[in-house]
Protein chains: 2
Amino acid sequence: MKKLENEGRITVAKELKDILIKKGISPSYHRLKIYEYLMNNRIHPSADMIYADIIKLIPTLSKTTIYNTLKTFVGKGIVSSLTIEDNEIRYDADITFHAHFKCLNCNTVYDVGIDQLRSDKKLGMLKKIDGHLITEKHIYLKGICKKCQQH
Amino acid sequence: MKKLENEGRITVAKELKDILIKKGISPSYHRLKIYEYLMNNRIHPSADMIYADIIKLIPTLSKTTIYNTLKTFVGKGIVSSLTIEDNEIRYDADITFHAHFKCLNCNTVYDVGIDQLRSDKKLGMLKKIDGHLITEKHIYLKGICKKCQQH
DNA sequence: GTATCTGCAAAACATTTGCAATTCT
DNA sequence: AGAATTGCAAATGTTTTGCAGATAC
């Protein structure tokens, strides 16, 4: 829990607690710490990464609680889940629309602003972004299809 | 093995065999049938869906062969893998750049042309496409990051 | 006849579920 | 006390691995 800065401002536990309450999530100690971790560590961690770090703080923590909590957060819309990996789900407390870049060598997942994507006219032609060499591009949209809307 | 049409032309086994050979993949019967299945059934199937359908044709087929073959195909670049689901990998024989839409109700994965995406200026603002209602958007880029390029 | 391909069975994981124990009010 | 939260242990489901048998050239 070292890095408390977040885009120029300090994120204090009180503010995070209020976000949870506003979304109808009772701010238990575990939930607060998990949310705080996600807000302060923008590394798109997996459930296991979150567990490995927070257990240092809460020795009795179980992975079930991590999974329960993440499901609650995603369901309430304060955290989004990324399926950029093929074997595990990554989580992101930044719910604004942005793209992600995964390095196939070091497995780091970087944030990429959409404005940077639009500056280049054709996403299909894009070969590099933020200095990262692109070899694969995926656009996944989700929602309710035409058929299902008609019943 | 009913639908043999593919964008106006007939895909014959001979052509598919030649694609495999050209890519350095020995065209065994199993591989040919799996590739043929993917080319003729553009439904973005999972390994299990492919297995369930092809075992009707090859009763001795094993899932290991499905996984081995798909790994070979993806490695050689004639099939791409989609991580649009959070619990299984979907496969697509269409390796041209296009987006995918997954219905959260019926789980169908539709193709979406990128030209359709670009006609709308801002992907971030997009609410509907091909009549499908969009509630989630993900852009995943992969490759080698800036740091890893420098060694 | 040697290399490749296939398939069984078991293992390896991430995630989920059932239920009991704990905590909070 | 009663409801919500947590956690253990077992189950689930997908994908991987080791190895033996089958097949192909």
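Computation of the quantities below employed the complete heavy-atom set of this structure, encompassing side-chain atoms and omitting hydrogens, waters and symmetry-equivalent molecules. Here the structure is a predicted model, which means the values were calculated and not measured. In what follows, chains are A, B, ... by sequence order, proteins preceding strands, each numbered from 1.
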- Under 4.0 Å between a side-chain N/O of Thr65(B) and OP1 or OP2 of dG7(C), yes or no? yes

- Parallel, tilted or perpendicular: which describes the rings of His132(A) and Phe101(A), with under 30° parallel and over 60° perpendicular? parallel

- Query: Taking only side-chain nitrogens and oxygens of His30(A), does any of them come within less than 4.0 Å of OP1 or OP2 of dG7(D)?
  - Reply: yes

- Atom-pair distance (CD1 on Ile55(B); C1' on dT6(C)), nearest Å: 13 Å

- Task: Would you kindly give the CZ-to-P distance between Arg31(A) and dC24(C), to the nearest whole Å?
- Result: 13 Å

- Gap between atoms CD1 and P, on Ile66(A) and dT16(C) respectively (whole Å): 13 Å

- Query: Separation of Leu61(B) atom CG from dA22(D) atom C1', in whole Å?
  - Reply: 15 Å

- Atom OH of Tyr51(A) and atom P of dT6(D): how far apart are they, to the nearest Å? 14 Å

What nitrogen or oxygen pairs link the protein and nucleotides 11-19 of chain D at under 3.5 Å?
from: dT15(D); atom 1: OP1; to: Ile89(B); atom 2: N; distance (Å): 2.7
from: dT15(D); atom 1: OP2; to: Tyr67(B); atom 2: OH; distance (Å): 2.7

- Side-chain N or O of Ser28(A) closer than 4.0 Å to phosphate OP1/OP2 of dC24(C): no

- To the nearest angstrom, how far is Ile50(A) atom CD1 from dT15(C) atom P? 10 Å

- Query: Parallel under 30°, tilted from 30 to 60°, perpendicular over 60°: which one fits the rings of His44(B) and His98(B)?
  - Reply: tilted

- Message: Could you check whether any side-chain heavy atom of Ile25(B) comes within less than 4.5 Å of a side-chain heavy atom of Thr69(B), counting everything from C-beta outward?
- Response: no

- Task: Give a yes or no on whether a salt bridge exists between Lys22(A) and Asp18(A), defined as a side-chain N under 4.0 angstrom from a carboxylate O.
- Result: no

- Task: In whole angstrom, give the distance that lies between atom CG of Leu70(A) and atom C1' of dA14(C).
- Result: 13 Å

- Item | Hydrophobic cluster partners of Val109(B) (side-chain heavy atoms under 4.5 Å) | Leu82(A), Ile84(A), Val109(A), Tyr140(A), Leu82(B), Ile84(B), Tyr140(B)

- Check: Lys33(A) side chain, Ile54(A) main-chain N or O, donor-acceptor pair, under 3.5 Å: no

- Ile34(B) CD1 to dT6(C) C1', in whole Å, measures 11 Å

- Could you tell me whether the side chains of Tyr110(A) and Asp130(A) share a donor-acceptor contact shorter than 3.5 Å? no

